[in-house]
Amino acid sequence: MSTDHELDPTTTTAALAQAARTAGYAPSIHNTQPWRWRVRARSLELRAERGRQLAVTDPSGRLLTVSCGTALHHVRLALAAEGWAAEVYRLPDGADPDLLARLTLTGRTEVTPAAMRLLQTVRIRRTDRRPVSESPVSGTALEGIRHAVTAEGARVHYLRPEDVVELASAADHARTVEAMDPTWTDEMSYWIGLPREDGLGVPAAAIPSEPPSTMVPNRDFGHGGALPVGPSHDRAAVYAILYGDADSAMGWLRGGEALSAAWLSAIELDLTLLPLSAAVEVPGTRQALRRILSGVGEPYLVLRLGAADPEHAGPPHTPRLPADQVVEIVDRG
Ligand SMILES: Cc1cc2nc3c(=O)[nH]c(=O)nc-3n(C[C@H](O)[C@H](O)[C@H](O)COP(=O)(O)O)c2cc1C
């Protein structure tokens, strides 16, 4: 039951703006943070920021929309952990495809310990591109991740060893195809590894100083990074494909929400999760992923899961845009 005070516009606007600021911690392709939040007295709009879409790597906006989905899941979690109930309308206006979601506050709700725990993982989460530890990933943990994904309307397929070989070959081919395209390498160099102060892109400090020994190669970052990797191999990692029914904006958005839910759950389970998108970016290798899925769905992203290495401190946090560049209060009621 909500009191008038709790639903007064000053309180609700502040709660929505705070949740949108928390969503700034969400992961995004090349750390492009391709979203913009519009805060109104009782509702919040998530808009795609096409100015930060990767025109060469992601012409259809698939990875932009998956990235926005991770931010949407973060905002939903931030509201739930503060005791706010919200209704979510995804792609609510067919005439305005950049309006990805509208959330409307409906009142107060009980805060669950699960939501509070998961919110704590938001600030800890970061992309770790180094090999994982030698410890195996338990079946129980994989079931936990599967549960987190399906609860968000997407699905996950864990790969058998023979499929990992096929995935490695697809990922390797995607690297080669992309590296041969000078427009692609230009786009990559703009976003990755350069010193910059605008809070965008992936800093050299988060990129391995040499290619790590992994079963499936990550994208070719073009220039070496500054993150020491050590001699370990990721033999104990589990590779997976995050997928869904449709290769559409709705599917990608739900896929992004599922990615966020899986990643935050992985942290709770002492696992690391690394998204790998190169094989999804190239049409031919995306087709290879469909084959690995035996045609049961549309691939959104490859995931690597592994036990966190207790010897390793995490890589540094990747910077973010200042909140006032992504969160706009348009109406305080
Ligand atoms: C849709 C999507 C695709 C991504 N693809 C890759 C990838 O192929 N390789 C990689 O190393 N990181 C990938 N990332 C991780 C981003 O680079 C990372 O989230 C971003 O730089 C922000 O850093 P943080 O996750 O440490 O906060 C991806 C993230 C998302 C959301």
Side-chain angles (χ1 to χ4, degrees), residues 22-35 48 52-54 57-58 60-74 121-132 154 167 170-172 174-175 178-179 184 187-188 190-194 196 199-208 211-212 214 216-223 225 227 229 234 237 239 241-244 251-264 266-267 272-282 285-286 289 299-304 314-321:
T22 301
Y25 290 101
S28 58
I29 179 77
H30 290 6
N31 196 30
T32 48
Q33 304 158 65
W35 49 72
R52 290 198 292 277
Q53 180 169 346
L54 301 173
T57 308
D58 185 31
S60 62
R62 179 184 291 102
L63 296 169
L64 171 144
T65 311
V66 171
S67 301
C68 288
T70 71
L72 177 57
H73 180 261
H74 273 51
T121 63
V122 160
R123 284 168 195 252
I124 304 170
R125 191 211 54 76
R126 62 192 94 168
T127 302
D128 192 342
R129 301 174 176 90
R130 297 169 302 180
V132 297
L167 171 64
D172 196 42
R175 278 164 62 101
E178 290 187 325
W184 183 87
E187 185 174 76
M188 177 84 166
Y190 176 79
W191 289 101
I192 309 273
L194 290 183
R196 51 195 294 169
L200 288 164
V202 184
I207 299 170
T214 55
V216 176
N218 197 342
R219 66 170 71 259
D220 181 355
F221 288 105
H223 17 205
L227 182 66
V229 280
D234 74 351
Y239 283 88
I241 300 177
L242 177 71
Y243 71 102
W252 305 333
L253 194 62
R254 300 303 306 251
E257 291 174 89
L259 169 64
S260 168
W263 205 333
L264 301 181
I267 294 168
T272 69
L273 183 153
L274 174 64
L276 299 170
S277 49
V280 179
E281 292 158 14
V282 174
T285 53
R286 198 163 62 248
L289 299 186
Y300 301 149
L301 214 51
V302 172
L303 310 179
R304 183 192 72 175
H317 282 288
T318 291
R320 291 296 190 268
L321 285 168

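Every number for a ligand or one of its atoms is a count from 1 in the order of the listing. This chain uses plain numbering: 1 for the first residue, then up along the sequence. Values reported hereafter were calculated over all heavy atoms of this structure, with side chains retained and with hydrogens, waters and symmetry mates removed.
Near Arg126, meaning under 4.0 Å from any of its heavy atoms, are these atoms of ligand 1: 26 (O). If you number the atoms of ligand 1 from 1 as listed, the ones under 4.0 Å from a heavy atom of Asn218 come out as 7 (C), 8 (O), 9 (N), 10 (C), 11 (O). Close approach of ligand 1 to Leu276 (heavy-atom distance below 4.0 Å) involves ligand atoms 7 (C), 8 (O). Near Arg125, the atoms of ligand 1 lying under 4.0 angstrom from a non-hydrogen atom of the residue are 24 (P), 25 (O), 27 (O). Below 4.0 Å from some heavy atom of Ser28 lie the following atoms of ligand 1, by number and element: 16 (C), 17 (O), 18 (C), 19 (O), 20 (C), 29 (C), 30 (C), 31 (C). Which parts of ligand 1 touch Val66 is read off a 4.0 Å heavy-atom cut-off, strictly below it: atoms 1 (C). The Phe221 neighbourhood of ligand 1 comprises atoms 11 (O), with distances under 4.0 Å to a heavy atom of that residue. When each atom of ligand 1 is checked for a heavy atom of Thr318 under 4.0 Å away, the hits are 23 (O), 26 (O).
Taking the ring axis of Trp191 as reference, the NZ or CZ atom of Arg196 stays within 45° of it and closer than 6.0 Å to the ring centre. A cation-pi arrangement is not found for Arg286 relative to Tyr300, the charged atom failing to lie both closer than 6.0 Å to the ring centre and inside a 45° cone about the ring normal.
Residue, atom and distance of the protein heavy atom nearest to atom 6 (C) of ligand 1 are Pro275 O, 3.2 Å. When hydrogens are left out, the protein atom nearest atom 19 (O) of ligand 1 is Pro27 CB, 3.2 Å; that is the closest non-hydrogen contact. Annotation: atom 12 (N) of ligand 1 to nearest protein heavy atom, Arg129 NH2, 3.5 Å. Taking atom 8 (O) of ligand 1 as the reference point, the nearest protein heavy-atom neighbour is Ser277 N, 2.8 Å. Atom 27 (O) of ligand 1 has as its closest protein heavy atom Arg320 NH2, 2.6 Å.
When heavy-atom distances to ligand 1 are checked against a 4.0 Å cut-off, Thr127 comes that close through both its backbone and its side chain. For Val202, every heavy-atom contact with ligand 1 shorter than 4.0 Å involves the side chain, none the backbone. Counting heavy atoms closer than 4.0 Å to ligand 1, residue Glu281 contributes nothing at all.
A 6.0 Å sphere centred on CZ of Phe221 holds more than 12 heavy atoms belonging to other residues, nucleotides or ligands.
Formation of a donor-acceptor pair under 3.5 Å by the Asp58 side chain with backbone atoms of Leu64 is found in this model. For Arg125 (side chain) and Leu264 (main-chain N/O), no donor-acceptor pair under 3.5 Å exists by modelled atom type. No donor-acceptor pair closer than 3.5 Å links the side chain of Arg129 to the backbone N or O of Pro208. In this structure a side-chain-to-backbone donor-acceptor pair under 3.5 Å is present from Arg320 to Gly24.
In terms of polar-atom proximity, Trp263 is not counted as a contact of ligand 1, lacking any N or O under 3.5 Å from an N or O of the ligand.
One side chain, Thr57 or Trp184, offers a donor N or O that lies under 3.5 Å from an acceptor on the other.
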Inset, instruction - Would you sort out whether Leu303 and Leu259 count as a side chain to side chain contact (heavy atoms under 4.5 Å, CB included), showing the intermediate values? - result: CA-CA 9 Å; Leu303 310 179; Leu259 169 64; 3.8 Å; yes
Inset, instruction - Could you go through the side chain to side chain donor-acceptor pair (under 3.5 Å) check for Ser28 and Gln33 one step at a time? - result: CA-CA 6 Å; Ser28 58; Gln33 304 158 65; 5.4 Å; no
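For the pair Glu281 and Arg219, the salt-bridge criterion is met [side-chain N within less than 4.0 Å of a carboxylate O].
Ligand 1 lies nowhere less than 4.0 angstrom from a heavy atom belonging to His317.
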